[in-house]
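The next block holds one structure in the form of structure tokens; read it before the comments.
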Amino acid sequence: MMEVAHHYVVVGQDYINGLCEGKPAWEIVVKTATATIVIYYLKDFLWQDVSLFERGKRTFFRLARKIPAVRDKIKEEISKIELDMTKEMNENINNGDYIISLPQTGMSNEQILAETAKYTAYGKYNWKMGSSSGTVYNCNSALTDLMTKVYGMSAWTNPLHPDVFPGVRKMEAEVIKMVCTMFNGGPEACGTMTSGGTESIILACKAYRDWAINVRGIKRPEMVVPSTVHAAFDKGAALLNMNIKHVPVDPVTMKVDVAAMKRMISRRTCMIVGSAPQFPHGVIDDIEAIGALGEKYGIPVHVDACLGGFLIPFMEDAGYKLPLFDFRAAGVTSISCDTHKYGYAPKGSSVIMYKEPSWRRHQFFVTPNWPGGIYATATIAGSRSGAIVAACWASMVYHGRHGYVTYTKKILQTAKKIEESCNKIQGIFVLGKPDVSVVALGSEDFNIYQIADEMTQRGWNLNALQFPSCIHIAVTTLHTEEGVAERFCNDLQEIVAKFFKDPPKDGGGSAAIYGMAQSIPDRSLVNEIAWCYLDSVYSTEKSQEEEESSEHKLNGDVKINGKP
Ligand SMILES: *Cc1c(COP(=O)(O)O)cnc(C)c1O
């Protein structure tokens with residue numbers, strides 16, 4: 001064996017010597033160095049996060065947009081879209097005036113309350129009657145009263161100073177531990193409260209990134225996630241300078257393809273993820289199989305239970321069987337769970353849990369050298385609202401296990417009712433087999449976004465999803481009220497029946513925007529349209545037609561409408 005190897009080494013040496021024979025030393029050195037640089041450059045050029053084909057496409061579109069005619073046309077179309085968006089924002093506030101500088105003297109309490117009543121009454125959707133998918137998870141008046149009282153009592157507290165506000169510290173620690181217990185975390189289970197699901201997810205990404213860099217010595221850590229995972233993971237990857245690989249899902253069940261996930265794991269993988277359930281179609285990934293992958297390769301596993309976090313732990317008591325989804329599943333090292341969704345706490349709270357404190361350590365941020373003191377925070381925020389913590393704590397102890405089980409039963413019953421009725425409507429179908437509270441609908445006969453537009457006409461505010469085209473409703477306590485689910489299904493049935501009789505023409509509305517957005521090959525244009533939308537959210541400009549006729553003064557000393 002050794003002799004054979006030795007023979008090849010000698011042959012190799014002779015070959016290379018032969019190549020160099022008679023060449024000056026400088027030539028050998030320069031050519032070798034050049035070749036090394038070229039290979040290094042090629043490797044970098046060919047193997048990037050974005051495929052060569054994709055980069056080629058982007059360059060093509062970037063160049064195409066330099067052509068004046070193309071550039072002007074795009075600019076014109078986009079400014080039209082921008083105007084439309086601002087116009088709609090203004091219509092939703094009855095084209096009222098904007099306050100754009102501080103009132104010279106303060107308003108009276110009566111005036112403020114009257115204005116607040118006006119502001120909070122704007123909007124075309126009757127969300128209190130359950131017209132919106134998700135959005136508001138509970139608005140029962142007894143709970144609202146309690147929340148506002150608790151908020152008032154704790155309004156000025158700040159968990160950044162546990163020495164000054166020890167009671168709020170206790171509440172926060174209790175919220176986290178109660179949620180850990182819900183998910184069968186052992187005595188070591190721990191976590192932090194955050195401002196919402198997005199922050200919980202970003203922090204889990206940060207913890208695993210820092211673990212990978214500092215413990216494993218991975219240069220650019222990579223996460224492997226289902227394609228249906230929440231966009232917060234993409235946001236986390238972008239903010240934290242991580243790679244993200246999206247694993248395809250089974251087109252029938254909509255669950256992540258675990259075999260494909262296994263193939264996409266590499267030396268750089270620092271975390272793998274499953275959702276329980278995922279947002280688009282309400283389906284729970286196979287957490288036990290994903291956990292087993294994590295165990296096998298020594299990679300931490302995050303379960304995103306942001307949406308279903310206050311439903312799935314109660315489903316067994318409510319009479320529904322589920323495979324393991326929490327810390328009982330081997331390999332699961334962290335779970336995100338939103339208290340501000342089905343926990344019925346006011347918006348602004350979520351919990352990120354870890355199986356043991358060593359993972360949480362990597363989430364913390366400490367800078368020992370700040371002149372302001374040794375600065376140590378557990379989450380992204382510095383100062384935070386203790387009132388949000390207190391209200392969350394109050395909601396949890398108010399409902400108790402029994403309260404949550406009762407709501408879970410009602411929500412599951414309503415979701416099943418919607419699923420069954422929709423499955424009977426010819427012309428639409430339910431995607432996957434909804435496991436919890438979300439029912440996603442597609443159509444082979446019609447443009448599903450046109451159906452959604454008709455539903456909007458009838459007062460419904462549903463979520464539009466893409467790849468594949470579908471819409472969904474996330475059932476909340478508001479939809480469990482008498483007659484709401486029936487009205488939803490009847491409206492759908494009537495719209496589809498109408499479409500069969502009188503097929504819809506291609507028109508405007510969200511159908512046009514979503515249809516177009518999915519088919520635009522130049523994805524940077526979609527970004528640009530989305531930027532316009534975000535700009536319009538912060539607009540204090542009145543729409544142009546309104547401008548001439550409008551009254552420019554609200555009261556004597558308030559400056560309005562963009563031009564101080
Ligand atoms: C809502 C949600 C999140 C986080 O969203 P936030 O709006 O930041 O609370 C994450 N994952 C899933 C599946 C969700 O539904």
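Every heavy atom of this structure was used, including side-chain atoms; hydrogens, water molecules and symmetry mates were not. We're numbering straight along the sequence, starting at 1. We count ligands from 1, going down the list as the structure has it; atoms in each ligand are counted the same way.
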Item to complete: Answer yes if the side chains of S200 and T194 hold a donor-acceptor pair under 3.5 Å, and no otherwise.
Response: yes

Worksheet entry | Any donor-acceptor N or O pair under 3.5 Å, side chains E199, S350 | no

Could you list the atoms of ligand 1 found under 4.0 angstrom from a heavy atom of [X]?
{"X": "D338", "answer": "1 (C), 4 (C), 9 (O)"}
{"X": "F279", "answer": "13 (C), 15 (O)"}
{"X": "I201", "answer": "10 (C)"}
{"X": "H340", "answer": "9 (O)"}

Worksheet entry | Residue portion contacting ligand 1 (non-hydrogen atoms closer than 4.0 Å) for D304 | side chain

Practice prompt. Have a look at ligand 1 and work out which part of K341, if any, has a heavy atom under 4.0 Å from it: side chain, backbone, both or neither.
Written response: side chain

Worksheet item: Which is closest to atom 8 (O) of ligand 1 by heavy-atom distance: V229, L307, T198?
Response: T198

Fill in: atom 4 (C) of ligand 1 [closest protein heavy-atom partner, distance rounded to 0.1 Å]
G197 CA, 3.5 Å

Does [atom1] in [X] sit with more than 12 non-hydrogen atoms of other residues, nucleotides or ligands closer than 6.0 Å?
{"X": "Q466", "atom1": "CD", "result": "yes"}
{"X": "F429", "atom1": "CZ", "result": "yes"}
{"X": "K416", "atom1": "NZ", "result": "yes"}

Discussion item. Closer than 4.0 angstrom, basic N to acidic O: yes or no for D210 and R361?
Written reply: no

